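In what follows, a structure is listed as structure tokens, so that the remarks can point back to it.
Any value given below was found using the heavy atoms of this structure, including those in side chains, with hydrogens, waters and symmetry copies removed. Values in this document were obtained by computation on a predicted structure and should not be read as measured data.
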Protein chains: 2
Amino acid sequence: MQSFNGVKGETQVHDISPIRAKSGTNQEGTSAHNRRVMIEALRLNGALSRADLARATQLTKQAVSNIVEDLERDGLVVALDAVRKGRGQPFTPYRLVPEGAFAIGLQIDRHLTRVVVVDLVGNVVARAEASLPFDQPSEGVEIILGLVARVRHELAGISAQSERRLVGLGVAMPGPFGLKNPDNKWMMPAWQQFPLLETLAAGTGLNVGLQNDAAACATAERIVGAAHGIDHAVCLYVGYGIAAGLILNGELYSGGNGNAGEIGMALLSPAGPGSTPLEHRASLASLYQHLGLNPADANLYEKLAALAVAADPKVMGWIEDAASDLRWSVHLIETIFDPQTVILTSGAPEPLARRLLQAMHPLLPSIADRPGRRLPRLQLGTTDPWAIAVGAAAEPISRAFDPRFSAILKAG
Amino acid sequence: MQSFNGVKGETQVHDISPIRAKSGTNQEGTSAHNRRVMIEALRLNGALSRADLARATQLTKQAVSNIVEDLERDGLVVALDAVRKGRGQPFTPYRLVPEGAFAIGLQIDRHLTRVVVVDLVGNVVARAEASLPFDQPSEGVEIILGLVARVRHELAGISAQSERRLVGLGVAMPGPFGLKNPDNKWMMPAWQQFPLLETLAAGTGLNVGLQNDAAACATAERIVGAAHGIDHAVCLYVGYGIAAGLILNGELYSGGNGNAGEIGMALLSPAGPGSTPLEHRASLASLYQHLGLNPADANLYEKLAALAVAADPKVMGWIEDAASDLRWSVHLIETIFDPQTVILTSGAPEPLARRLLQAMHPLLPSIADRPGRRLPRLQLGTTDPWAIAVGAAAEPISRAFDPRFSAILKAG
DNA sequence: TAATTAAGTCAAGCGAATTGACTTAATGGT
DNA sequence: ACCATTAAGTCAATTCGCTTGACTTAATTA
């Protein structure tokens, strides 16, 4: 018997280091998973009868009946009118109750913060924004807590229960996080050093989670956008910086340290003077610089929209250059991830985003160019500037209600 | 109430399209998962007592006891001598029984095929190889079935039970799979068109699965190599072609169509004449061409080893060029995936691989260059030419015994 | 020698899905 | 108009696998 490498399966009796193992599970995990599966099925299919749910999830009618009854008692689903269709007893479809759960989403951007409240199905039920001091997080947090209190108050008006149904607060801000040299203008260094999550958790009493802005965009696309029900999608987000949100196997992928998809810092060639980070070329920051605009300008959005509609030559020039890099980025993403589709999202006004999308065509050949494709290789996602805040809010909802491996396991 | 995009959560009562949903689960799923967790814990930690297992998996002592008893009866684990350590009753460590399961791994390469039998802990217990006609799969399959029969016969000599304990046959061959134009010399077009898996399944009576060679390499690294117990690792495989095997969240990631990681076809710049596929520059095929060697040469391996040891100038020149591209590839991989480590593996002789690894240093700066790192950014994996076959065999073992989401769910 | 610590077993309990028979309420064929 | 058929959904008993809490065993330490 021989091993192909030096690393044999030698038996070491007892290690000093902590034991590495995944958690086990029990009936609670089973039940939690099945509840989540029901919710996801209703989210993806609109409304389903118990019999439909049983067929779709491979559970017995009886199990489904019990779970649906539970969910109904918890106010997460509601029965619609019975439907007669063909032979047999009429069926009673169930659908999700939007007011069954809420989450708060917080986007922290360079000069601006947005807060939204999103319900179980992804509708925005309250929103608020304010400008933010770029380098004064302690002041900024006060502003944020004020906005959160405001939307919470608004939420309280919706129903008496709604406060009880808040599942968490999701934060989205530019990454990457936790690096050595945070004196990088893309990363909002002052905010990264500040104990943001702890302060927000203490100030709101909610569970707080963090993602980068591209991840939030992908999360938003998955809950209410182009990635709805798609298990392998990459969301290319062109904002002030540029990054990719990765939906792999139906879940957001964050990497070993939460920085997966931060392609803004990717160098564009192996070496030498042409070796520029992607962020310096294909990002709105580069566009602002190209146009000599001040990123803090309050009318920036409208100005850009007007220039894009008018096909301003300087804008078109930037588009052409950026499109070249982005076209190649899509090629690389397709080659590396083999996704079902790539979604282009942007903080830019829609006319600009559309022109950018057009300029990226024709796409470079890649393995994505395969026979029998159904989804487009590249499609436009949302260009709503609130999308990141929505995605931030979608994360706690997804954590609470979507089927996922970790939800089955004990503890953690 | 408003939604940030056109895509509202409108309730459609009953769709014609099939209902999309994940499977539910039940106690069988629970139990299957817990068994797998035990096996993984023993694989990662060598030998553990029931009490250790209970602590590590968060299950109760009693549950662990029952499962261990089951596993012991099934011949998958065995008790070692009791150990006295500190106060309390001595504990009885358990370890995996290598002969508890076997799988056959098959590598199909351009001019060669290798077959191995691997046991539960990753030891190679039988091996065989033969040369293969590049473009005659129907003949080739006969040769392969002959080799498989041979190793199975050898396996039968190990124990009476061993044939019953064969969990499957894993195939590894160059990808990508299922593209439009399979008249590409890297992809072995004749083999891709041939109904290989069906023929092998019929000819062996075993479950058959397929991966590309880089994925197999990553699977091998995970079971017995540098990625053992690491949940986020990318395995960069430099063989005749080049590709990456992706271990994400502790599982191999294959993408939407099974072609994730096939970076050989990645273009090295956005456009223009410099836009070459990576495969044309950083692969052994390019080295053979650079040296004027015939890839089918039987002594290729020894020749390359000798040239590398002697620091042949032509080889060193290729190494320098390839290292530049690979250094950049590592940079991109780190930026995109944020893995805990990148593993360089190769079908090249070890001296050549070592020189290549050295030439890749210093690495380009990236987000992987973070404070508090424990693992090296880049490390050398196996250079054993049998590694791909081992990885091919490891896949069915992993499928049968490793904890994974899909193993909990009902049905297939 | 007695107290303490820890591994591991025993037996009853419990939660959640399964099973199979049953009820309800439609449609479609004669 | 009637009855067989089809399908949704319920009822009650069962089963399966983890949990609970008390108990046993066997070592170390004071």
State, with a plain yes or no, whether a side-chain heavy atom of A/T30 is found less than 4.5 Å away from one of A/N26. no
Rounding to a whole Å, what distance do you find between [X]:[atom1] and [N]:[atom2]?
{"X": "B/L59", "N": "D/dC16", "atom1": "CG", "atom2": "P", "result": "20 Å"}
{"X": "B/L71", "N": "D/dG17", "atom1": "CG", "atom2": "P", "result": "13 Å"}
{"X": "A/M38", "N": "C/dA16", "atom1": "CE", "atom2": "C1'", "result": "12 Å"}
{"X": "A/E28", "N": "D/dT20", "atom1": "CD", "atom2": "C1'", "result": "13 Å"}
{"X": "A/R55", "N": "D/dG9", "atom1": "CZ", "atom2": "P", "result": "9 Å"}
{"X": "B/R50", "N": "C/dA6", "atom1": "CZ", "atom2": "C1'", "result": "15 Å"}

Mind running side-chain contact (heavy atoms from CB on, under 4.5 Å) on A/L96 and A/L71 for me, showing each step along the way? CA-CA 9 Å; A/L96 291 182; A/L71 293 173; over 6 Å; no
Side-chain N or O of A/N26 closer than 4.0 Å to phosphate OP1/OP2 of D/dT19: yes
Using a heavy-atom cut-off of 4.0 Å across all strands, would you classify A/N66 as base, sugar-phosphate, or nothing? nothing
Centroid-to-centroid, B/H33 to B/F405, below 6.0 Å? no
Can the ring centroids of A/Y253 and A/H232 be said to lie less than 6.0 angstrom from one another? no
Per nearest nucleotide of DNA chain D, the residue lying toward the 5' end, A/G88 or B/R87, is A/G88
On DNA chain C, check which nucleotide each of A/K61 and A/R84 is closest to and give me the residue with the more 5' one. A/K61
Both B/T25 and B/Q62 contact DNA chain C. Taking the nearest nucleotide for each, which residue is further toward the 5' end? B/Q62
Using only heavy-atom distances, decide whether a donor-acceptor pair under 3.5 angstrom links the side-chain of B/Q27 to the base of D/dG17. no
